[in-house]
Number of protein chains: 2
Amino acid sequence: MGVSGVPSPNKLLAALPPEIYERLQPHLDLVPLELGASVYEAGGKQPYVYFPADSIVSLLYVMKDGASAEIAVVGNEGLVGIALFMGGETTPSRAVVQSAGDAFRLSSKIMKQEFEYGGPLLHLLLRYTQALITQMAQTAVCNRHHSVEQQLCRWLLLSADRLPTNELTMTQELIANMLGVRREGVTEAAGKLQEAGLIHYSRGRITIVNRLKLEKRVCECYAVVKKEFDRLLPDQIAI
Amino acid sequence: MGVSGVPSPNKLLAALPPEIYERLQPHLDLVPLELGASVYEAGGKQPYVYFPADSIVSLLYVMKDGASAEIAVVGNEGLVGIALFMGGETTPSRAVVQSAGDAFRLSSKIMKQEFEYGGPLLHLLLRYTQALITQMAQTAVCNRHHSVEQQLCRWLLLSADRLPTNELTMTQELIANMLGVRREGVTEAAGKLQEAGLIHYSRGRITIVNRLKLEKRVCECYAVVKKEFDRLLPDQIAI
DNA sequence: AACGCTCTGTGCGCTACCGAACGGTCGGGA
DNA sequence: TCCCGACCGTTCGGTAGCGCACAGAGCGTT
């Protein structure tokens with residue numbers, strides 16, 4: 001819940017035409033997502049899809065040897081569970097709560113029904129999916145070419161964009177898991193960023209102090225993704 | 001064209017119900033794609049979509065400094081131009097011909113019309129898109145965690161799967177561009193693979209000598225992607 | 001036959017990141 | 001108040017990949 005006591009809206013839901021939203025509304029449940037909880041397991045069927053309100057969910061691939069890497073991140077701009085309407089039902093990656101908060105839960109059955117109707121909801125979800133695809137593509141590029149520090153900046157900005165506050169609860173260990181690097185690498189990079197006055201952190205609590213400077217230090221990947229999200233999903237959407 | 005003189009079929013087109021295929025057929029043109037040609041530029045509108053027959057197209061992101069990385073690869077199992085029906089029209093990445101050959105070209109207008117009808121074609125294209133998403137995700141993971149040699153194996157297998165022969169025309173320089181690594185890195189990795197009798201190459205011509213051994217040396221990423229394609233797009237498709 | 005271009009091989013110093021180990025510090029619970 | 005566990009900092013040797021520079025090798029051209 002936001003400070004107002006009203007849940008932060010989910011932008012996708014908010015962008016739906018009123019009559020569709022009203023049809024879905026009775027089936028939407030606001031549920032809490034706890035830090036570290038698994039929303040979906042790799043290869044598992046999905047009884048629900050989730051529209052994060054003030055929570056953030058990471059799409060994470062975990063390899064056989066336990067190493068992991070974040071594929072993409074979903075906040076109040078999107079939904080978790082695109083495989084449902086894309087037709088595959090499952091995916092090889094997990095969905096893990098990266099920042100605790102609430103999400104609107106909708107039964108897969110209802111979601112699929114509405115999608116099959118076609119029309120605005122279908123087009124909205126597909127545009128969101130394309131934005132997500134861009135994020136994945138850019139993650140691949142970033143993984144190939146950019147330093148841990150740059151990737152950390154990107155990750156912090158992506159997270160901050162999806163939160164109502166500029167403070168995130170996240171240990172360096174967990175960030176390392178998301179980025180698929182060593183915990184020490186994060187310690188070092190985060191140390192530099194704190195040194196430079198961009199962030200402040202202590203014991204699993206990170207505050208973004210100077211967002212502008214952070215945006216100057218990040219690689220181009222962040223802007224590419226953000227621009228594409230803005231293009232595909234403008235805030236005041238006209239379908 | 002294949003040896004028979006008949007173009008190698010595109011699997012997506014082949015999977016369409018006959019009446020839909022017949023509707024599209026008059027609008028399909030078999031066109032040659034030349035090595036290195038750009039099918040789409042980043043951010044550019046798309047007058048056509050392409051269903052590769054015996055050609056291969058790479059989705060490539062090129063950064064401001066000129067460095068590049070392959071996002072995914074499209075052969076006769078898919079189509080180039082998903083952004084058209086996903087709603088965004090454009091993407092931030094380029095599409096470059098990685099292996100010369102033919103492709104069926106279809107006007108974007110017709111494609112979009114058919115997609116909007118809904119039904120089997122829509123579902124088929126969305127399932128393909130999900131498979132493509134898996135490939136991108138796995139590329140991100142592979143870029144993070146695996147050696148140049150492993151990635152080269154993955155790349156060779158992905159290419160071989162999409163070609164009628166086991167010989168590919170491709171300089172090490174170009175492979176390096178796709179993988180986003182140095183040319184020398186490819187030279188070294190390819191040297192090891194040749195040493196071990198898995199491949200043979202000379203002056204821009206690579207032959208896969210022992211596919212089984214190649215599959216033993218590749219990282220898990222290849223199998224994950226292949227399995228997902230087979231699951232989502234079985235050869236004898238029943239929509 | 002000689003040239004020239006493209007492609008491949010190799011060597012060298014450099015840096016970022018890894019793996020492992022360990023010490024310090026903060027904060028909450030008994 | 002003390003202690004323990006979670007979190008963070010640091011160090012050190014090892015290595016994969018980078019950037020650069022140049023040397024050979026194959027192949028077509030004139």
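In what follows, every chain begins at residue 1, and chains take the letters A, B, ... in the order their sequences are listed.
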Would you mind telling me which of [options] lies closest to the side-chain atoms of [X]?
{"X": "B/Arg203", "options": "D/dT10, D/dG17, D/dC27", "result": "D/dC27"}
{"X": "B/Glu184", "options": "D/dT10, D/dC7, D/dC20", "result": "D/dC20"}
{"X": "A/Tyr201", "options": "D/dC27, D/dG9, D/dG5", "result": "D/dG9"}

**OP:** May I ask you to verify if any side-chain N or O of A/Gln172 is less than 4.0 angstrom from the OP1 or OP2 atom of D/dG9?
**Re:**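 Yes, A/Gln172 has a side-chain N/O under 4.0 Å of OP1/OP2 on D/dG9.
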
**OP:** For A/Thr171 and for A/Arg144, locate the closest nucleotide of DNA chain D by heavy-atom distance; then report the residue assigned to the nucleotide nearer the 5' terminus.
**Re:**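 On the 5' side of the pair lies A/Thr171.
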
Subject >> Non-hydrogen side-chain atoms of A/Arg217 and A/Glu149 separated by less than 4.5 Å >> reply: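 Heavy-atom side-chain distance check passes, below 4.5 Å.
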
Original post:
Under 4.0 Å between a Lys/Arg side-chain N and an Asp/Glu carboxylate O for A/Arg231 and A/Glu228?
Top reply: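 Yes, charged N to carboxylate O under 4.0 Å.
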
**OP:** Tell me what A/Glu188 touches on the nucleic acid: a base, only sugar-phosphate, or nothing, going by heavy atoms under 4.0 Å.
**Re:**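 No contact at all - A/Glu188 keeps every heavy atom at 4.0 Å or more from the nucleic acid.
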
Original post:
So what does B/Gly185 touch, heavy atoms closer than 4.0 Å: a base, only the sugar-phosphate, or nothing?
Top reply: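 If one applies the 4.0 Å heavy-atom cut-off, B/Gly185 turns out to touch nothing in the nucleic acid.
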
Between [atom2] on [N] and [atom1] on [X], what's the gap in Å once rounded to a whole number?
{"X": "B/Glu149", "N": "D/dT15", "atom1": "CD", "atom2": "C1'", "value": "15 Å"}
{"X": "B/Arg183", "N": "D/dG17", "atom1": "CZ", "atom2": "P", "value": "16 Å"}
{"X": "B/His145", "N": "D/dA16", "atom1": "NE2", "atom2": "P", "value": "17 Å"}

Subject >> Span of DNA chain C, from the first to the last nucleotide whose atoms fall under 4.0 Å of chain A heavy atoms >> reply: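 That gives a stretch of C/dC17 to C/dG27.
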
Original post:
A/Thr165 side chain to A/Glu167 main-chain N or O, any donor-acceptor pair under 3.5 Å?
Top reply: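 Yes, because the side chain of A/Thr165 sits within donor-acceptor range (under 3.5 Å) of the backbone of A/Glu167.
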
Original post:
Can any side-chain N or O of B/Asp65 pair as donor or acceptor with the backbone N or O of B/Ala67 at less than 3.5 Å?
Top reply: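 Such a contact is found between B/Asp65 side chain and B/Ala67 backbone.
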
Original post:
Does A/Arg182 or A/Ser202 map to a spot on DNA chain C nearer the 5' end, using the closest nucleotide for each?
Top reply: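 Counting from the 5' end, the first nearest nucleotide belongs to A/Arg182.
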
Subject >> Inter-residue atom distance A/Asp161.CG - A/Leu156.CG, 0.5 Å rounding >> reply: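 Reported to 0.5 Å precision, the distance equals 11.0 Å.
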
Original post:
If we ignore angles and hydrogens, is there a donor and acceptor under 3.5 Å between the side chains of A/Gln46 and A/Ser108?
Top reply: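 A/Ser108 and A/Gln46 do not have a side-chain donor-acceptor pair below 3.5 Å.
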
Subject >> Donor on one side chain, acceptor on other, A/Arg144 and B/Gln151, under 3.5 Å >> reply: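 The criterion, which ignores hydrogens and geometry beyond distance, is satisfied for B/Gln151 and A/Arg144.
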
